[in-house]
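Just below is one structure, and these are the notes that go with it.
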Amino acid sequence: MPIHSVADCLQGRVPAGETVTVRGWVRTRRDSKAGLSFVQLHDGSCFAPLQVVAPKELPNYASEVAKLTAGCAIEAEGRLVPSEGKGQTVEVQASRVNVVGWVDDPDHYPMQPKRHTLEYLREVAHLRSRSNTIGAVTRVRHGLAMAIHRFFHERGFFWIHTPIVTASDCEGAGEMFRVSTLDLANLPRTPDGKVDFTKDFFGREAFLTVSGQLAVETYCLALSKVYTFGPTFRAENSNTSRHLAEFWMIEPEIAFADLAADAQAAEDLLKYIFKALLNERGDDLAFFAERIDKDCIARLEKFVASSFERIPYTEAVRILKGAKRKFEYPVEWGGDLQSEHERYLTEEHVGRPVVVTDYPKQIKAFYMRMNDDGKTVAAMDVLAPGIGEIVGGSQREERLDVLDARLQELNLDPKHYWWYRDLRRYGTVPHAGFGLGFERTIVYATGMGNVRDVIPFPRTPGSAEF
RNA sequence: UCCCCGGUAGCUCAAUGGUAGAGCAUGCGGCUGUUAACCGCAGGGUUGAAGGUUCGAAUCCUUCCCGGGGAGCCA
(Lines give C-alpha, C1' and ligand atoms only; values in the text may rest on other atoms or scores of the structure.)
Protein backbone atom coordinates (compact mmCIF):
# COMPACT_ATOMS: atom_id res chain seq x y z
CA MET A 1 0.00 0.00 0.00
CA PRO A 2 1.69 3.22 -1.14
CA ILE A 3 2.03 6.02 1.39
CA HIS A 4 0.76 9.40 0.21
CA SER A 5 1.58 12.83 1.56
CA VAL A 6 -1.19 15.24 2.44
CA ALA A 7 0.09 17.50 -0.34
CA ASP A 8 -0.28 14.66 -2.88
CA CYS A 9 -3.86 14.06 -1.76
CA LEU A 10 -4.91 17.71 -1.75
CA GLN A 11 -3.13 18.86 -4.89
CA GLY A 12 -4.68 16.39 -7.31
CA ARG A 13 -1.74 14.01 -7.65
CA VAL A 14 -3.89 11.12 -6.43
CA PRO A 15 -6.98 10.23 -8.48
CA ALA A 16 -10.30 10.43 -6.66
CA GLY A 17 -11.51 7.01 -5.55
CA GLU A 18 -8.00 5.71 -4.96
CA THR A 19 -7.29 3.99 -1.67
CA VAL A 20 -4.52 5.83 0.16
CA THR A 21 -2.52 5.50 3.36
CA VAL A 22 -1.68 8.78 5.04
CA ARG A 23 0.42 9.45 8.14
CA GLY A 24 0.81 12.46 10.32
CA TRP A 25 -0.32 14.29 13.42
CA VAL A 26 -3.82 15.23 14.57
CA ARG A 27 -4.64 18.94 14.61
CA THR A 28 -8.26 18.71 15.78
CA ARG A 29 -10.98 16.10 16.16
CA ARG A 30 -14.69 16.89 15.83
CA ASP A 31 -17.24 14.21 16.65
CA SER A 32 -20.65 13.69 15.16
CA LYS A 33 -22.99 11.50 17.12
CA ALA A 34 -24.48 10.58 13.77
CA GLY A 35 -21.61 8.16 13.88
CA LEU A 36 -18.36 9.66 12.69
CA SER A 37 -15.43 11.78 13.69
CA PHE A 38 -13.61 14.34 11.60
CA VAL A 39 -9.87 14.30 12.15
CA GLN A 40 -7.70 17.05 10.69
CA LEU A 41 -4.44 15.34 9.78
CA HIS A 42 -1.27 17.34 9.18
CA ASP A 43 2.04 15.99 7.91
CA GLY A 44 3.90 19.20 7.04
CA SER A 45 3.99 18.52 3.30
CA CYS A 46 1.87 21.60 2.65
CA PHE A 47 0.06 24.26 4.62
CA ALA A 48 -3.39 22.63 4.67
CA PRO A 49 -4.42 19.60 6.72
CA LEU A 50 -6.31 16.63 5.27
CA GLN A 51 -9.73 15.72 6.68
CA VAL A 52 -9.96 12.06 7.67
CA VAL A 53 -13.54 10.88 8.23
CA ALA A 54 -13.59 8.02 10.74
CA PRO A 55 -16.92 6.12 11.05
CA LYS A 56 -17.97 4.58 14.34
CA GLU A 57 -17.94 1.14 12.70
CA LEU A 58 -14.16 1.10 13.02
CA PRO A 59 -13.28 -1.55 15.61
CA ASN A 60 -11.20 0.91 17.63
CA TYR A 61 -13.60 3.85 17.25
CA ALA A 62 -14.76 4.15 20.85
CA SER A 63 -11.54 2.91 22.39
CA GLU A 64 -9.10 5.03 20.38
CA VAL A 65 -10.43 7.28 17.60
CA ALA A 66 -12.88 9.07 19.90
CA LYS A 67 -9.99 9.81 22.27
CA LEU A 68 -7.62 11.39 19.78
CA THR A 69 -6.37 14.82 20.82
CA ALA A 70 -4.16 17.42 19.19
CA GLY A 71 -0.67 16.08 18.54
CA CYS A 72 -1.46 12.36 18.37
CA ALA A 73 0.34 10.52 15.56
CA ILE A 74 -1.84 8.30 13.39
CA GLU A 75 -1.79 6.27 10.22
CA ALA A 76 -5.09 6.15 8.31
CA GLU A 77 -6.13 4.12 5.32
CA GLY A 78 -9.16 4.78 3.18
CA ARG A 79 -10.58 6.04 -0.08
CA LEU A 80 -9.79 9.57 -1.20
CA VAL A 81 -13.18 10.98 -2.21
CA PRO A 82 -14.76 14.37 -2.94
CA SER A 83 -15.84 15.92 0.35
CA GLU A 84 -19.51 16.13 1.28
CA GLY A 85 -18.78 19.10 3.53
CA LYS A 86 -17.60 22.57 2.77
CA GLY A 87 -14.05 23.69 3.46
CA GLN A 88 -12.13 21.01 1.57
CA THR A 89 -12.33 19.51 -1.88
CA VAL A 90 -11.39 15.96 -0.93
CA GLU A 91 -11.24 13.85 2.22
CA VAL A 92 -10.29 10.34 3.25
CA GLN A 93 -13.11 7.95 4.18
CA ALA A 94 -11.15 5.88 6.64
CA SER A 95 -11.37 2.09 6.66
CA ARG A 96 -8.58 1.87 9.23
CA VAL A 97 -7.08 4.31 11.74
CA ASN A 98 -4.04 3.22 13.73
CA VAL A 99 -2.74 5.31 16.58
CA VAL A 100 1.04 5.38 16.23
CA GLY A 101 1.78 7.70 19.14
CA TRP A 102 -0.50 9.07 21.87
CA VAL A 103 -0.13 12.41 23.62
CA ASP A 104 0.52 11.90 27.32
CA ASP A 105 -1.20 14.41 29.51
CA PRO A 106 -3.26 16.10 26.75
CA ASP A 107 -4.45 18.92 29.00
CA HIS A 108 -0.85 20.11 29.20
CA TYR A 109 0.18 19.49 25.58
CA PRO A 110 1.97 22.72 24.71
CA MET A 111 0.68 23.03 21.14
CA GLN A 112 -3.04 23.67 21.33
CA PRO A 113 -5.31 24.28 18.37
CA LYS A 114 -5.39 28.01 18.98
CA ARG A 115 -3.19 31.03 18.47
CA HIS A 116 -0.01 31.13 20.48
CA THR A 117 2.29 34.06 20.79
CA LEU A 118 5.60 33.76 18.95
CA GLU A 119 7.39 34.43 22.25
CA TYR A 120 5.68 31.43 23.81
CA LEU A 121 6.49 29.25 20.81
CA ARG A 122 10.19 30.08 21.23
CA GLU A 123 10.01 28.55 24.69
CA VAL A 124 8.78 25.30 23.18
CA ALA A 125 11.04 25.35 20.15
CA HIS A 126 11.16 21.55 20.02
CA LEU A 127 7.40 21.48 19.33
CA ARG A 128 6.78 24.79 17.58
CA SER A 129 7.50 23.24 14.17
CA ARG A 130 3.99 21.75 14.55
CA SER A 131 2.39 25.19 14.46
CA ASN A 132 0.98 26.68 11.27
CA THR A 133 3.33 29.64 11.43
CA ILE A 134 6.60 27.84 12.01
CA GLY A 135 5.66 25.14 9.53
CA ALA A 136 5.05 27.78 6.88
CA VAL A 137 8.31 29.53 7.75
CA THR A 138 10.15 26.23 7.44
CA ARG A 139 8.81 25.52 3.95
CA VAL A 140 9.59 29.09 2.86
CA ARG A 141 13.10 28.84 4.29
CA HIS A 142 13.69 25.64 2.35
CA GLY A 143 12.25 27.12 -0.84
CA LEU A 144 14.48 30.16 -0.61
CA ALA A 145 17.59 28.09 0.12
CA MET A 146 16.96 25.86 -2.87
CA ALA A 147 16.29 28.86 -5.10
CA ILE A 148 19.57 30.43 -4.02
CA HIS A 149 21.53 27.35 -4.97
CA ARG A 150 19.60 27.09 -8.25
CA PHE A 151 20.31 30.73 -9.09
CA PHE A 152 24.05 30.33 -8.66
CA HIS A 153 24.23 26.89 -10.27
CA GLU A 154 22.40 28.10 -13.38
CA ARG A 155 24.90 30.94 -13.71
CA GLY A 156 28.03 28.80 -13.40
CA PHE A 157 28.88 29.59 -9.78
CA PHE A 158 30.51 26.96 -7.58
CA TRP A 159 29.48 26.43 -3.97
CA ILE A 160 32.58 26.61 -1.79
CA HIS A 161 32.52 25.05 1.68
CA THR A 162 34.63 27.54 3.54
CA PRO A 163 35.66 26.52 7.06
CA ILE A 164 33.51 26.98 10.14
CA VAL A 165 36.53 26.88 12.42
CA THR A 166 39.09 29.47 11.50
CA ALA A 167 42.52 30.13 12.89
CA SER A 168 42.68 33.32 10.90
CA ASP A 169 42.47 36.39 13.12
CA CYS A 170 41.96 38.76 10.24
CA GLU A 171 38.29 38.38 9.43
CA GLY A 172 37.60 41.52 11.35
CA ALA A 173 33.82 41.49 11.06
CA GLY A 174 32.96 41.31 14.73
CA GLU A 175 33.45 39.59 18.08
CA MET A 176 34.34 35.93 17.70
CA PHE A 177 33.56 32.75 19.62
CA ARG A 178 36.70 30.97 20.74
CA VAL A 179 37.16 27.32 19.83
CA SER A 180 39.43 25.55 22.29
CA THR A 181 40.05 22.20 23.91
CA LEU A 182 42.14 23.69 26.72
CA ASP A 183 41.06 22.92 30.27
CA LEU A 184 39.60 26.23 31.40
CA ALA A 185 40.23 25.39 35.05
CA ASN A 186 43.89 24.64 34.39
CA LEU A 187 45.22 26.77 31.54
CA PRO A 188 48.75 26.31 30.26
CA ARG A 189 50.79 29.51 30.66
CA THR A 190 53.78 31.00 28.90
CA PRO A 191 56.67 32.23 31.08
CA ASP A 192 55.20 35.76 31.05
CA GLY A 193 51.85 34.49 32.37
CA LYS A 194 49.74 34.58 29.20
CA VAL A 195 47.66 31.64 28.03
CA ASP A 196 49.86 29.34 25.94
CA PHE A 197 47.79 28.67 22.85
CA THR A 198 50.55 26.56 21.29
CA LYS A 199 49.23 23.87 23.62
CA ASP A 200 45.71 24.24 22.21
CA PHE A 201 44.20 21.85 19.65
CA PHE A 202 45.32 23.76 16.56
CA GLY A 203 48.58 24.98 18.09
CA ARG A 204 47.24 28.51 17.97
CA GLU A 205 44.09 30.47 18.75
CA ALA A 206 41.02 29.37 16.84
CA PHE A 207 37.51 30.79 16.44
CA LEU A 208 34.18 30.22 14.77
CA THR A 209 34.01 32.06 11.46
CA VAL A 210 32.39 35.47 11.23
CA SER A 211 32.52 35.47 7.43
CA GLY A 212 33.67 33.18 4.66
CA GLN A 213 34.64 36.10 2.47
CA LEU A 214 38.42 36.13 2.75
CA ALA A 215 38.56 32.36 2.27
CA VAL A 216 36.17 32.38 -0.68
CA GLU A 217 38.21 35.07 -2.41
CA THR A 218 40.97 32.49 -2.82
CA TYR A 219 38.64 30.25 -4.80
CA CYS A 220 37.22 33.20 -6.70
CA LEU A 221 40.67 33.90 -8.10
CA ALA A 222 40.75 30.42 -9.60
CA LEU A 223 37.16 29.38 -10.34
CA SER A 224 35.93 32.87 -11.24
CA LYS A 225 32.38 32.64 -9.87
CA VAL A 226 31.92 31.15 -6.42
CA TYR A 227 29.76 31.49 -3.34
CA THR A 228 29.45 30.30 0.22
CA PHE A 229 26.21 29.45 1.97
CA GLY A 230 26.57 28.33 5.53
CA PRO A 231 26.42 29.21 9.21
CA THR A 232 28.24 32.22 10.58
CA PHE A 233 28.85 33.24 14.17
CA ARG A 234 29.05 36.58 15.93
CA ALA A 235 29.67 36.89 19.67
CA GLU A 236 28.23 40.41 19.77
CA ASN A 237 25.95 41.19 22.67
CA SER A 238 23.18 42.21 20.29
CA ASN A 239 19.61 41.95 21.52
CA THR A 240 17.41 42.91 18.60
CA SER A 241 14.92 41.33 16.26
CA ARG A 242 17.54 41.42 13.49
CA HIS A 243 20.55 39.72 15.14
CA LEU A 244 21.50 36.16 15.98
CA ALA A 245 24.73 34.75 17.39
CA GLU A 246 24.45 31.94 14.83
CA PHE A 247 22.98 32.80 11.47
CA TRP A 248 23.28 31.77 7.83
CA MET A 249 24.85 33.90 5.20
CA ILE A 250 25.23 33.76 1.43
CA GLU A 251 28.47 35.26 0.13
CA PRO A 252 29.12 35.27 -3.61
CA GLU A 253 32.46 36.42 -4.98
CA ILE A 254 32.87 37.29 -8.67
CA ALA A 255 36.14 37.68 -10.54
CA PHE A 256 36.55 40.55 -13.03
CA ALA A 257 33.49 42.27 -11.51
CA ASP A 258 33.21 45.85 -10.35
CA LEU A 259 30.81 47.39 -7.84
CA ALA A 260 28.07 47.97 -10.41
CA ALA A 261 28.16 44.31 -11.46
CA ASP A 262 28.14 43.35 -7.78
CA ALA A 263 25.02 45.38 -7.07
CA GLN A 264 23.36 43.97 -10.16
CA ALA A 265 24.13 40.43 -9.00
CA ALA A 266 22.54 41.16 -5.61
CA GLU A 267 19.44 42.54 -7.27
CA ASP A 268 19.18 39.61 -9.71
CA LEU A 269 19.58 37.08 -6.90
CA LEU A 270 16.90 38.61 -4.70
CA LYS A 271 14.43 38.92 -7.56
CA TYR A 272 15.06 35.35 -8.65
CA ILE A 273 14.46 33.82 -5.23
CA PHE A 274 11.37 35.89 -4.49
CA LYS A 275 9.91 34.99 -7.86
CA ALA A 276 10.51 31.34 -7.06
CA LEU A 277 8.83 31.80 -3.70
CA LEU A 278 5.75 33.37 -5.28
CA ASN A 279 5.54 30.45 -7.71
CA GLU A 280 6.16 27.62 -5.28
CA ARG A 281 4.77 28.58 -1.88
CA GLY A 282 1.52 30.33 -2.58
CA ASP A 283 -0.22 28.41 0.21
CA ASP A 284 2.21 29.54 2.88
CA LEU A 285 2.41 33.11 1.59
CA ALA A 286 -1.39 33.32 1.68
CA PHE A 287 -1.21 32.40 5.36
CA PHE A 288 1.42 35.08 6.06
CA ALA A 289 -0.72 37.62 4.24
CA GLU A 290 -3.75 36.64 6.31
CA ARG A 291 -2.21 36.31 9.77
CA ILE A 292 1.24 37.90 9.89
CA ASP A 293 1.60 40.76 7.40
CA LYS A 294 -1.16 41.57 4.95
CA ASP A 295 1.26 43.31 2.57
CA CYS A 296 3.77 40.51 2.18
CA ILE A 297 2.59 39.15 -1.18
CA ALA A 298 2.11 42.60 -2.70
CA ARG A 299 5.56 43.58 -1.44
CA LEU A 300 7.21 40.58 -3.12
CA GLU A 301 5.32 41.16 -6.37
CA LYS A 302 6.39 44.79 -6.39
CA PHE A 303 9.95 43.78 -5.53
CA VAL A 304 10.38 41.44 -8.50
CA ALA A 305 8.76 43.93 -10.89
CA SER A 306 10.81 47.04 -10.08
CA SER A 307 14.48 47.91 -10.11
CA PHE A 308 16.51 48.97 -7.10
CA GLU A 309 17.23 52.63 -6.60
CA ARG A 310 20.97 53.41 -6.60
CA ILE A 311 22.21 56.30 -4.47
CA PRO A 312 25.83 57.20 -3.75
CA TYR A 313 26.50 57.78 -0.05
CA THR A 314 27.35 61.44 -0.66
CA GLU A 315 23.99 61.93 -2.37
CA ALA A 316 22.22 60.02 0.42
CA VAL A 317 23.69 62.42 2.96
CA ARG A 318 22.43 65.36 0.90
CA ILE A 319 18.93 63.83 0.74
CA LEU A 320 18.90 63.21 4.50
CA LYS A 321 20.08 66.74 5.27
CA GLY A 322 17.28 68.08 3.09
CA ALA A 323 14.62 65.82 4.61
CA LYS A 324 11.74 67.61 6.28
CA ARG A 325 11.61 65.33 9.28
CA LYS A 326 13.95 65.60 12.23
CA PHE A 327 16.34 62.79 13.05
CA GLU A 328 17.49 61.86 16.53
CA TYR A 329 21.04 61.64 15.25
CA PRO A 330 22.32 64.37 12.95
CA VAL A 331 23.61 63.40 9.52
CA GLU A 332 27.21 64.29 8.74
CA TRP A 333 29.32 63.24 5.77
CA GLY A 334 31.88 60.73 7.04
CA GLY A 335 29.67 59.15 9.67
CA ASP A 336 27.77 55.89 9.46
CA LEU A 337 24.10 56.07 8.55
CA GLN A 338 21.91 55.35 11.58
CA SER A 339 18.98 52.94 11.48
CA GLU A 340 16.57 55.85 11.29
CA HIS A 341 18.44 57.27 8.28
CA GLU A 342 18.42 53.95 6.46
CA ARG A 343 14.73 53.51 7.16
CA TYR A 344 13.97 56.97 5.87
CA LEU A 345 15.83 56.35 2.62
CA THR A 346 14.26 53.00 1.83
CA GLU A 347 10.80 53.40 3.37
CA GLU A 348 9.96 57.05 2.87
CA HIS A 349 12.25 58.59 0.26
CA VAL A 350 12.12 55.71 -2.23
CA GLY A 351 9.56 53.21 -0.94
CA ARG A 352 11.48 50.16 -2.19
CA PRO A 353 14.98 48.67 -1.87
CA VAL A 354 17.87 51.09 -2.18
CA VAL A 355 21.52 50.42 -2.95
CA VAL A 356 23.74 52.97 -1.21
CA THR A 357 27.24 53.01 -2.70
CA ASP A 358 30.68 54.58 -2.22
CA TYR A 359 30.95 55.03 1.52
CA PRO A 360 33.72 57.02 3.23
CA LYS A 361 36.75 54.81 3.71
CA GLN A 362 36.97 55.48 7.45
CA ILE A 363 33.75 53.61 8.19
CA LYS A 364 34.48 50.59 6.02
CA ALA A 365 36.78 47.55 6.07
CA PHE A 366 40.41 47.43 4.90
CA TYR A 367 39.75 45.14 1.92
CA MET A 368 37.31 47.48 0.14
CA ARG A 369 38.62 49.06 -3.03
CA MET A 370 39.73 52.68 -2.82
CA ASN A 371 37.94 54.99 -5.24
CA ASP A 372 39.83 57.54 -7.34
CA ASP A 373 38.78 60.35 -5.02
CA GLY A 374 40.89 58.84 -2.25
CA LYS A 375 38.07 59.42 0.23
CA THR A 376 35.49 56.78 -0.55
CA VAL A 377 35.57 53.05 -1.18
CA ALA A 378 33.62 50.89 -3.63
CA ALA A 379 31.22 49.53 -1.02
CA MET A 380 27.47 49.04 -1.14
CA ASP A 381 24.63 48.26 1.23
CA VAL A 382 21.21 47.13 0.06
CA LEU A 383 18.56 48.58 2.35
CA ALA A 384 15.07 47.07 2.37
CA PRO A 385 11.90 48.56 3.85
CA GLY A 386 11.09 47.16 7.27
CA ILE A 387 14.34 45.32 7.81
CA GLY A 388 17.12 47.76 6.97
CA GLU A 389 20.45 46.41 5.78
CA ILE A 390 19.94 43.08 4.06
CA VAL A 391 23.08 43.00 1.89
CA GLY A 392 26.55 44.42 2.46
CA GLY A 393 29.16 44.16 -0.26
CA SER A 394 32.10 45.74 -2.01
CA GLN A 395 34.59 45.61 -4.80
CA ARG A 396 37.78 44.26 -3.23
CA GLU A 397 41.10 46.09 -3.31
CA GLU A 398 43.12 44.13 -5.86
CA ARG A 399 46.17 46.48 -5.93
CA LEU A 400 48.81 45.28 -3.48
CA ASP A 401 50.34 48.71 -2.88
CA VAL A 402 46.98 50.28 -2.12
CA LEU A 403 45.98 47.35 0.10
CA ASP A 404 49.24 47.60 2.05
CA ALA A 405 48.74 51.32 2.50
CA ARG A 406 45.29 50.65 3.97
CA LEU A 407 46.64 47.97 6.32
CA GLN A 408 49.25 50.42 7.55
CA GLU A 409 46.67 53.19 7.93
CA LEU A 410 44.55 50.90 10.13
CA ASN A 411 47.54 49.56 12.09
CA LEU A 412 46.99 46.01 10.86
CA ASP A 413 49.97 43.67 10.67
CA PRO A 414 50.58 42.60 7.03
CA LYS A 415 52.14 39.35 8.31
CA HIS A 416 48.72 38.17 9.47
CA TYR A 417 47.37 38.69 5.97
CA TRP A 418 50.18 36.93 4.13
CA TRP A 419 47.99 34.55 2.14
CA TYR A 420 45.41 37.26 1.41
CA ARG A 421 48.22 39.50 0.11
CA ASP A 422 49.52 36.63 -2.02
CA LEU A 423 46.31 36.77 -4.02
CA ARG A 424 47.33 40.32 -5.04
CA ARG A 425 50.85 39.18 -5.95
CA TYR A 426 49.95 36.22 -8.16
CA GLY A 427 47.61 37.11 -11.00
CA THR A 428 45.45 39.65 -9.22
CA VAL A 429 42.22 40.76 -10.87
CA PRO A 430 39.40 43.09 -9.92
CA HIS A 431 36.71 41.20 -8.05
CA ALA A 432 33.69 41.92 -5.95
CA GLY A 433 31.20 40.18 -3.69
CA PHE A 434 28.56 40.63 -1.05
CA GLY A 435 27.00 39.01 1.97
CA LEU A 436 23.26 38.34 2.16
CA GLY A 437 21.80 37.58 5.57
CA PHE A 438 19.56 34.55 5.08
CA GLU A 439 17.31 35.08 8.11
CA ARG A 440 16.79 38.74 7.25
CA THR A 441 15.81 37.67 3.76
CA ILE A 442 13.20 35.30 5.18
CA VAL A 443 11.92 38.01 7.52
CA TYR A 444 11.53 40.35 4.56
CA ALA A 445 9.72 37.74 2.46
CA THR A 446 7.27 36.59 5.12
CA GLY A 447 6.67 39.70 7.21
CA MET A 448 7.75 37.80 10.32
CA GLY A 449 9.03 40.44 12.71
CA ASN A 450 11.96 38.62 14.28
CA VAL A 451 14.86 36.56 12.93
CA ARG A 452 14.50 34.29 15.99
CA ASP A 453 11.30 32.91 14.46
CA VAL A 454 12.70 32.02 11.05
CA ILE A 455 15.57 29.74 12.20
CA PRO A 456 14.76 26.44 13.93
CA PHE A 457 16.75 26.98 17.12
CA PRO A 458 17.82 30.60 17.57
CA ARG A 459 21.02 31.36 19.44
CA THR A 460 21.11 34.76 21.14
CA PRO A 461 22.98 36.17 24.14
CA GLY A 462 22.01 34.13 27.20
CA SER A 463 19.88 31.74 25.20
CA ALA A 464 20.87 28.37 23.73
CA GLU A 465 18.25 25.95 25.07
CA PHE A 466 17.53 23.03 22.75
C1' U B 1 25.71 47.01 27.01
C1' C B 2 21.93 51.22 27.49
C1' C B 3 16.58 53.02 27.59
C1' C B 4 11.41 51.58 27.90
C1' C B 5 7.40 47.80 28.60
C1' G B 6 5.88 43.22 30.59
C1' G B 7 5.66 38.24 33.76
C1' U B 8 -1.70 35.95 36.97
C1' A B 9 -4.64 28.40 35.30
C1' G B 10 -1.76 24.21 29.92
C1' C B 11 -2.50 28.77 26.39
C1' U B 12 -4.64 33.97 25.54
C1' C B 13 -5.97 37.56 28.88
C1' A B 14 -9.18 40.24 33.14
C1' A B 15 -8.89 41.79 38.27
C1' U B 16 -5.07 49.39 40.26
C1' G B 17 -4.63 48.13 48.08
C1' G B 18 -10.07 44.59 50.34
C1' U B 19 -12.93 36.81 49.10
C1' A B 20 -7.97 35.55 42.22
C1' G B 21 -11.89 35.36 37.24
C1' A B 22 -13.20 34.53 31.84
C1' G B 23 -12.46 32.31 26.97
C1' C B 24 -9.97 28.37 24.75
C1' A B 25 -7.69 23.61 25.99
C1' U B 26 -8.51 18.99 29.08
C1' G B 27 -12.25 15.23 31.41
C1' C B 28 -17.50 13.75 31.56
C1' G B 29 -22.46 14.36 29.38
C1' G B 30 -25.64 16.31 25.30
C1' C B 31 -26.20 17.61 20.11
C1' U B 32 -24.83 18.24 14.97
C1' G B 33 -21.48 15.95 7.71
C1' U B 34 -18.42 18.79 11.33
C1' U B 35 -14.90 23.22 9.71
C1' A B 36 -9.76 26.30 15.41
C1' A B 37 -18.23 23.52 15.65
C1' C B 38 -22.05 24.26 19.43
C1' C B 39 -24.64 23.59 24.70
C1' G B 40 -24.03 21.97 29.97
C1' C B 41 -21.07 20.29 34.19
C1' A B 42 -16.23 19.48 36.43
C1' G B 43 -11.08 19.60 37.66
C1' G B 44 -7.17 23.07 37.21
C1' G B 45 -3.42 28.91 40.90
C1' U B 46 2.88 29.34 46.16
C1' U B 47 -0.05 35.67 40.79
C1' G B 48 8.45 34.75 37.89
C1' A B 49 11.87 34.56 42.76
C1' A B 50 13.46 36.68 47.37
C1' G B 51 12.87 40.55 50.73
C1' G B 52 10.14 45.00 52.44
C1' U B 53 5.75 48.60 53.41
C1' U B 54 0.60 47.68 55.22
C1' C B 55 -4.66 45.55 59.50
C1' G B 56 -4.63 43.58 54.49
C1' A B 57 -0.35 43.04 48.39
C1' A B 58 -1.46 40.06 41.87
C1' U B 59 -1.62 45.47 42.77
C1' C B 60 3.10 49.81 46.22
C1' C B 61 8.89 49.68 47.14
C1' U B 62 14.00 47.09 46.56
C1' U B 63 17.07 43.40 44.35
C1' C B 64 17.44 39.40 41.11
C1' C B 65 15.63 36.07 37.02
C1' C B 66 13.05 35.64 32.40
C1' G B 67 10.56 37.68 27.93
C1' G B 68 9.55 41.70 24.45
C1' G B 69 10.30 46.61 21.87
C1' G B 70 13.91 50.35 20.67
C1' A B 71 19.28 51.93 20.42
C1' G B 72 24.39 50.70 19.48
C1' C B 73 27.05 46.88 16.42
C1' C B 74 26.04 44.40 12.00
C1' A B 75 24.03 40.39 7.99
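Naming convention: chains lettered A, B, ... in sequence-line order (proteins, then strands); numbering from 1 in each chain. Computed from a prediction, not measured in an experiment: that's the story for all the values here.
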### Query
Nearest of C73(B), U34(B), G33(B) to any side-chain atom of Glu84(A)?
G33(B)
## Note on the structure
Regarding the side chain of Arg115(A), the nearest nucleotide among A36(B), C74(B), U34(B) is A36(B)
Under 4.0 Å between any heavy atoms, over every strand shown, what does [X] touch: base, sugar-phosphate, or nothing? Just pick one.
X         : value
Glu251(A) : nothing
Ile390(A) : sugar-phosphate
Glu91(A)  : base
Ser238(A) : base
His243(A) : base
Val451(A) : nothing
Tyr120(A) : sugar-phosphate

Partner residues of [X] under the side chain to side chain contact (heavy atoms under 4.5 Å, CB included) criterion, sequence neighbours left out:
X         : answer
Ala76(A)  : Val22(A), Val52(A), Val97(A)
Pro49(A)  : Gln40(A), His42(A)
Ala261(A) : Ala257(A), Asp258(A)
Val443(A) : Ile387(A), Val451(A), Val454(A)

### Query
Tell me: CG of Asp31(A) to P of A36(B), nearest whole Å?
15 Å
### Task
Measure from CG on Leu36(A) to P on C31(B) and round the result to the nearest Å.
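Answer to the nearest Å: 15 Å.
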### Trp333(A): ring-ring contact (aromatic ring centres under 6.0 Å, His included) partners, not counting sequence neighbours
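Counting only residues at least two positions away or on another chain, Trp333(A) forms a ring-ring contact (aromatic ring centres under 6.0 Å, His included) with Tyr313(A).
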Looking at [Y] and [X], is any side-chain nitrogen of the basic one under 4.0 Å from a carboxylate oxygen of the acidic one?
X         : Y         : value
Glu205(A) : Arg178(A) : yes
Glu75(A)  : Arg96(A)  : yes
Glu290(A) : Lys294(A) : no
Arg242(A) : Glu389(A) : no
Asp293(A) : Arg299(A) : yes
Arg452(A) : Glu439(A) : no

## Note on the structure
Dot-bracket assigned to RNA chain B with the 3.5 Å Watson-Crick/G-U criterion, [ ] for crossing and | for other-strand pairs, is (((((((..((((....[..)))).(((((.......))))).....(((((..]....))))))))))))....
Extract from the structure each pairing of a protein N or O with an N or O of nucleotides 63-70 of chain B at less than 3.5 Å, listing the distance.
| residue | atom | partner | partner atom | Å |
| --- | --- | --- | --- | --- |
| G68(B) | OP1 | Arg122(A) | NH1 | 2.5 |
| G68(B) | OP1 | Arg452(A) | NH1 | 2.9 |
| G68(B) | OP2 | Arg452(A) | NH1 | 3.4 |
| G69(B) | OP1 | Asn450(A) | ND2 | 3.1 |
| G70(B) | OP2 | Ser241(A) | OG | 3.4 |

### Query
Counting only distance, no hydrogens or angles, is the base of G33(B) paired donor-acceptor with the side chain of Gln88(A) under 3.5 Å?
no
### Query
Do the ring centers of His341(A) and Tyr329(A) come within less than 6.0 Å of each other?
no
### Task
May I ask you to check whether Phe327(A) and Tyr344(A) place their ring centres under 6.0 Å from each other?
yes
### Query
So which of residues 98-105 of chain A are in contact with RNA chain B, with a heavy-atom cut-off of under 4.0 Å?
none
### Message
Please give me every residue in residues 324-340 of chain A whose heavy atoms get under 4.0 Å of an atom in RNA chain B, ordered by residue number.
### Response
Tyr329(A), Asp336(A), Gln338(A), Ser339(A)
### Query
Hey, does the side chain of Lys361(A) reach the backbone of Met370(A) with a donor-acceptor pair shorter than 3.5 angstrom?
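Not at all, since once roles are kept as given, no pair shorter than 3.5 Å links the two residues.
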### Task
Report yes or no: does Gln93(A) contribute a side-chain atom to a donor-acceptor pair with the main-chain N or O of Gly78(A) at less than 3.5 Å?
no
Please report, to 0.1 Å, the donor-acceptor pairs under 3.5 Å made by any side chain of residues 348-356 of chain A, with sequence neighbours excluded.
| residue | atom | partner | partner atom | Å |
| --- | --- | --- | --- | --- |
| Glu348(A) | OE2 | Arg325(A) | NH1 | 2.9 |
| Arg352(A) | NH1 | Ser307(A) | O | 2.2 |
| Arg352(A) | NH2 | Glu309(A) | OE1 | 3.1 |

Where do N or O atoms of nucleotides 4-8 of chain B meet protein N or O atoms at under 3.5 Å, pair by pair?
none

### Query
Think Arg122(A) forms a cation-pi with Tyr120(A), using NZ or CZ under 6.0 Å from the six-ring centre and within 45 degrees of its axis?
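Pair Arg122(A)/Tyr120(A) does not count as cation-pi.
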For nucleotides 23-30 of chain B, list the nitrogen or oxygen atoms of the protein found under 3.5 Å from its nitrogen or oxygen atoms, one pair per line.
| residue | atom | partner | partner atom | Å |
| --- | --- | --- | --- | --- |
| G23(B) | N2 | Lys114(A) | NZ | 2.9 |

